[in-house]
Trainee: 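Sharing a structure, written as structure tokens. Questions coming.
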Amino acid sequence: MLPFPVRNPRLLDEFTPYLVATPFNLPALDRAPFGVPVPPENIIDPLKLESEVFLRLLHRLDGLTFGPEGMPMPRWVFFDCSEMPGAIYGLARPAATLWPKARELFKVPHDYDGLVPVSMYVAIPMHRPGIWFGHNLSSLAPVFERAGVTDTDLRGLGSLTKGLALKCFGVQEFWGATQWLSKALFIHVKFGPLDLQTAFTPAHSEHETLTYGFRVTDAALRASMGDASVVLPRPPASFWLEGHDVPAMRALQDRIEAGERFVIPDVPRATPDGGVLVPITRV
Ligand SMILES: CC(C)(COP(=O)(O)OP(=O)(O)OC[C@H]1O[C@@H](n2cnc3c(N)ncnc32)[C@H](O)[C@@H]1OP(=O)(O)O)[C@@H](O)C(=O)NCCC(=O)NCCS
């Protein structure tokens, strides 16, 4: 149990934390972030044969969540850019207690009695200690929503997973990339104002990607998981960017490249047509 209130405390009763890390990276990680222990048997070594089925299920979780977004990860990218250099933290459930629909979605082998992941957060350490780049956030919540599964309440799963993962990895400064229209933006801003590094990113396969960063403090992590007693400073918006507005993204990118600094201070506003208005503050 966490020592502060979270959005959906039942998640930690329903699921157990797991951690994928090589023996090289494992000693640097916090195996009990905020006092929530990762049981030793839930620590997965990607260099061992015995990890094969769990890692296949993790890759399946990526396919189920990022597939519909058009960005599923090839298996070799998973190994080269996640399991080997970085770490993966998430929540899981023993196969024996999995809901039938989830068994079917994951294609869990009949004779498998290990863990099945329901969420994952992957990050990769950058050059300076304490600085990490976020690589993947997946939650089964939208998959269940699409499949009409109501067996359990997964509200808050993505936010809780990212918050605990950043604590587990010991991240002090975080960088990430996401799309203006991604639902994940609603999660990322929970950590506080996001410092914009790019607003339009042709280097990424999705040009309408923004690159953002924030300082990781316990207050930011607690706020992200739903501790309403933490109030982060959020400056008012200078203007709003519509999530489909490519000329506005390019114009903002030009201003960033010219040396101006901007943050996304707070949550976007959803628009009735399925778009978003994202607040931008010049700092
Ligand atoms: C993005 C993803 C991880 C979110 O997982 P999740 O378990 O639904 O996340 P959470 O429930 O913790 O948080 C979602 C938040 O977005 C908010 N949100 C989402 N869409 C919203 C909308 N249209 N309007 C307002 N709020 C919205 C939710 O209300 C919730 O915030 P709250 O807890 O304050 O209510 C999940 O949808 C996923 O795996 N997507 C596919 C992969 C992906 O895009 N990953 C992110 C890449 S950067």
Side-chain angles (χ1 to χ4, degrees), residues 2 5-12 14-15 58-73 78 81-82 88-92 102 105-106 117-124 132-147 149-150 152-166 174-192 194 198 201 204-206 208-214 221-228 230 232 234 242-244 264 266-279:
L2 282 161
V6 293
R7 177 90 160 91
N8 182 357
R10 288 196 50 233
L11 291 172
L12 286 174
E14 291 245 359
F15 303 112
L58 210 48
H59 186 242
R60 179 86 186 128
L61 176 63
D62 174 79
L64 286 168
T65 51
F66 276 89
E69 308 284 326
M71 285 188 282
M73 195 177 356
F78 206 29
C81 306
S82 304
I88 308 172
Y89 176 96
L91 298 179
L105 287 165
F106 275 97
V118 296
S119 69
M120 74 169 137
Y121 195 71
V122 186
I124 312 162
W132 288 61
F133 187 79
H135 176 62
N136 180 310
L137 171 62
S138 292
S139 153
L140 204 58
V143 182
F144 267 21
E145 207 177 295
R146 274 195 301 275
V149 182
T150 51
T152 185
D153 175 9
L154 296 180
R155 258 177 322 153
L157 181 58
S159 309
L160 184 73
T161 301
K162 182 171 178 179
L164 287 174
L166 296 191
F174 175 87
W175 289 99
T178 194
Q179 288 66 53
W180 287 98
L181 289 170
S182 173
K183 180 178 164 185
L185 195 51
F186 288 89
I187 296 181
H188 305 323
V189 291
K190 291 182 180 190
F191 294 83
L194 306 177
T198 70
T201 319
H204 194 287
S205 52
E206 303 290 324
E208 288 149 45
T209 288
L210 58 105
T211 311
Y212 67 93
F214 57 84
L221 296 178
R222 289 171 61 158
S224 75
M225 291 185 264
D227 182 351
V230 179
L232 301 173
R234 295 190 184 274
E242 205 282 318
H244 294 99
I264 298 177
D266 214 331
V267 280
R269 267 190 214 149
T271 56
D273 60 352
V276 284
L277 284 172
V278 183

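Only this structure's heavy atoms are used, side chains among them; waters, hydrogens and symmetry mates stay out. This chain uses plain numbering: 1 for the first residue, then up along the sequence. Each ligand, and each atom within it, is numbered from 1 in the order the structure gives.
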Trainee: Determine whether any heavy atom of Lys162 lies closer than 4.0 Å to an atom of ligand 1.
Mentor: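 No, that is not the case, since the closest heavy atom of the residue is not under 4.0 Å from the ligand.
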
Trainee: Check whether any side-chain N or O of Arg60 sits under 3.5 Å from a backbone N or O of Leu105 as a donor-acceptor pair, and report yes or no.
Mentor: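 Yes; at least one donor-acceptor contact below 3.5 Å.
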
Trainee: Which ligand 1 atoms does Thr178 reach within 4.0 Å, using its non-hydrogen atoms?
Mentor: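 Listed by number with element: 48 (S).
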
Trainee: For atom 43 (C) of ligand 1, what's the nearest protein heavy-atom neighbour? Residue, atom name and distance, please.
Mentor: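 Scanning the protein heavy atoms, the shortest distance from atom 43 (C) of ligand 1 goes to Phe66 CZ, 3.5 Å.
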
Trainee: What about Lys183: any of its N or O atoms under 3.5 Å from an N or O on ligand 1?
Mentor: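 N/O-N/O distance under 3.5 Å: yes.
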
Trainee: Short list, please: which atoms of ligand 1 are under 4.0 Å from a heavy atom of Thr65?
Mentor: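 Within the 4.0 Å cut-off of Thr65, ligand 1 contributes 39 (O), 41 (C), 42 (C).
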
Trainee: Could you tell me whether a side-chain N or O of Asn8 sits under 3.5 Å from a main-chain N or O of Gly156, the two making a donor and an acceptor?
Mentor: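 Checking the backbone N and O of Gly156 against the side chain of Asn8, no donor-acceptor pair under 3.5 Å is found.
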
Trainee: Counting each atom of ligand 1 from 1 as listed, which ones have a heavy atom of Gly156 under 4.0 Å away?
Mentor: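 Per the distance check, 10 (P), 11 (O), 12 (O).
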
Trainee: Report yes if some N/O of Ala141 lies less than 3.5 Å from some N/O of ligand 1; otherwise report no.
Mentor: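 No, since none of the N or O atoms of Ala141 sits under 3.5 Å from an N or O of ligand 1.
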
Trainee: Could a heavy atom of His188 be found less than 4.0 Å from some atom of ligand 1?
Mentor: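 The answer is yes: ligand 1 sits under 4.0 Å from a heavy atom of His188.
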
Trainee: Between Thr201 and Thr209 (side chain of the first, backbone of the second, donor and acceptor by atom type, cut-off under 3.5 Å), is there such a pair?
Mentor: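 Indeed, once roles are kept as given, a pair shorter than 3.5 Å links the two residues.
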
Trainee: Under a 3.5 Å distance rule, please check whether Asn136 uses its side chain to pair with a backbone N or O of Val122 as donor and acceptor.
Mentor: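 No, because the side chain of Asn136 does not come within donor-acceptor range (under 3.5 Å) of the backbone of Val122.
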
Trainee: If we only count heavy atoms from C-beta on, is the Val278 to Val189 side-chain gap below 4.5 Å?
Mentor: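 A side-chain contact is absent here, since even the closest heavy-atom pair is not under 4.5 Å.
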
Trainee: Please check whether Arg7 reaches ligand 1 - meaning an N/O of the residue sits under 3.5 Å from an N/O of the ligand, judged on distance alone.
Mentor: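 Between Arg7 and ligand 1, an N or O pair is found under 3.5 Å apart.
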
Trainee: Below 4.0 Å, non-hydrogen atoms only: which portion of Leu137 touches ligand 1? Side chain, backbone, both or neither.
Mentor: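 Both backbone and side chain.
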
Trainee: Take Val118 and Leu11 through the side chain to side chain contact (heavy atoms under 4.5 Å, CB included) test and state the conclusion after the steps.
Mentor: CA-CA 11 Å; Val118 296; Leu11 291 172; over 6 Å; no

Trainee: Would you check, one step at a time, whether the test side chain to side chain contact (heavy atoms under 4.5 Å, CB included) holds for Trp180 with Ile264?
Mentor: CA-CA 11 Å; Trp180 287 98; Ile264 298 177; 4.0 Å; yes

Trainee: Can a donor-acceptor pair be found, under 3.5 Å and without considering hydrogens, that links the side chain of Ser119 to the backbone of Leu91?
Mentor: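 Pair found, side chain donor or acceptor close to backbone of Leu91.
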
Trainee: Test your reading of the structure: does Ser139 have an N or O sitting under 3.5 Å from an N or O of ligand 1?
Mentor: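 N/O-N/O distance under 3.5 Å: yes.
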
Trainee: Taking atom CZ of Phe174 and atom CZ of Phe214, what is their separation to the nearest 0.5 Å?
Mentor: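 Between Phe174 CZ and Phe214 CZ, I get 5.0 Å after rounding to 0.5 Å.
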
Trainee: Quick check: does any side chain N or O of Thr198 sit under 3.5 Å from a backbone N or O of Thr211, one acting as donor and the other as acceptor?
Mentor: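 Indeed, once roles are kept as given, a pair shorter than 3.5 Å links the two residues.
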
Trainee: Rounded at 0.5 Å granularity, tell me how far NZ in Lys162 sits from CG in Leu137.
Mentor: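 If I round to the nearest 0.5 Å, the distance is 7.0 Å.
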
Trainee: Checking side chain to side chain contact (heavy atoms under 4.5 Å, CB included) for the pair Arg7/Leu160: CA distance, chi angles, key distance, verdict?
Mentor: CA-CA 8 Å; Arg7 177 90 160 91; Leu160 184 73; over 6 Å; no

Trainee: Quick one: which ligand 1 atoms are inside 4.0 Å of a heavy atom on Pro142?
Mentor: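 So the atoms of ligand 1 that pass are 36 (C), 37 (O), 38 (C).
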
Trainee: Consider only side-chain N and O atoms of Glu206 and His204, and report whether a donor and an acceptor are under 3.5 Å apart.
Mentor: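 There is no such pair between these side chains.
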
Trainee: Give me the residue, atom name and distance of the protein heavy atom closest to atom 30 (C) of ligand 1.
Mentor: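 Here the closest protein heavy atom is Lys190 NZ, 4.3 Å.
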
Trainee: Considering heavy atoms of the protein only, find what lies nearest to atom 14 (C) of ligand 1 and give residue, atom and distance to 0.1 Å.
Mentor: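 Scanning the protein heavy atoms, the shortest distance from atom 14 (C) of ligand 1 goes to Ile187 CG1, 3.8 Å.
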
Trainee: Which ligand 1 atoms does Ser138 reach within 4.0 Å, using its non-hydrogen atoms?
Mentor: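 Counting atoms of ligand 1 from 1, those under 4.0 Å from Ser138 are 39 (O).
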
Trainee: Using protein heavy atoms only, decide if any is under 4.0 Å from atom 28 (C) of ligand 1.
Mentor: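 There is no protein heavy atom less than 4.0 Å from atom 28 (C) of ligand 1.
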
Trainee: Please list, in number order, the atoms of ligand 1 under 4.0 Å from a heavy atom of Ala184.
Mentor: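 Under 4.0 Å from Ala184, ligand 1 has these atoms: 1 (C), 46 (C), 48 (S).
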
Trainee: Any nitrogen or oxygen of Ser159, side chain or backbone, less than 3.5 Å from one on ligand 1?
Mentor: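 N/O-N/O distance below 3.5 Å exists for this pair.
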
Trainee: Test your reading of the structure: does Ala270 have an N or O sitting under 3.5 Å from an N or O of ligand 1?
Mentor: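 No, no N or O pair falls under 3.5 Å.
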
Trainee: Among protein heavy atoms, which sits nearest to atom 25 (C) of ligand 1, and what does the distance come to when rounded to 0.1 Å?
Mentor: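 Checked against all protein heavy atoms, atom 25 (C) of ligand 1 sits closest to Phe186 CE2, 3.3 Å.
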
Trainee: Under 4.0 Å from atom 33 (O) of ligand 1, is there any protein heavy atom?
Mentor: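 So atom 33 (O) of ligand 1 has protein heavy-atom neighbours under 4.0 Å.
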
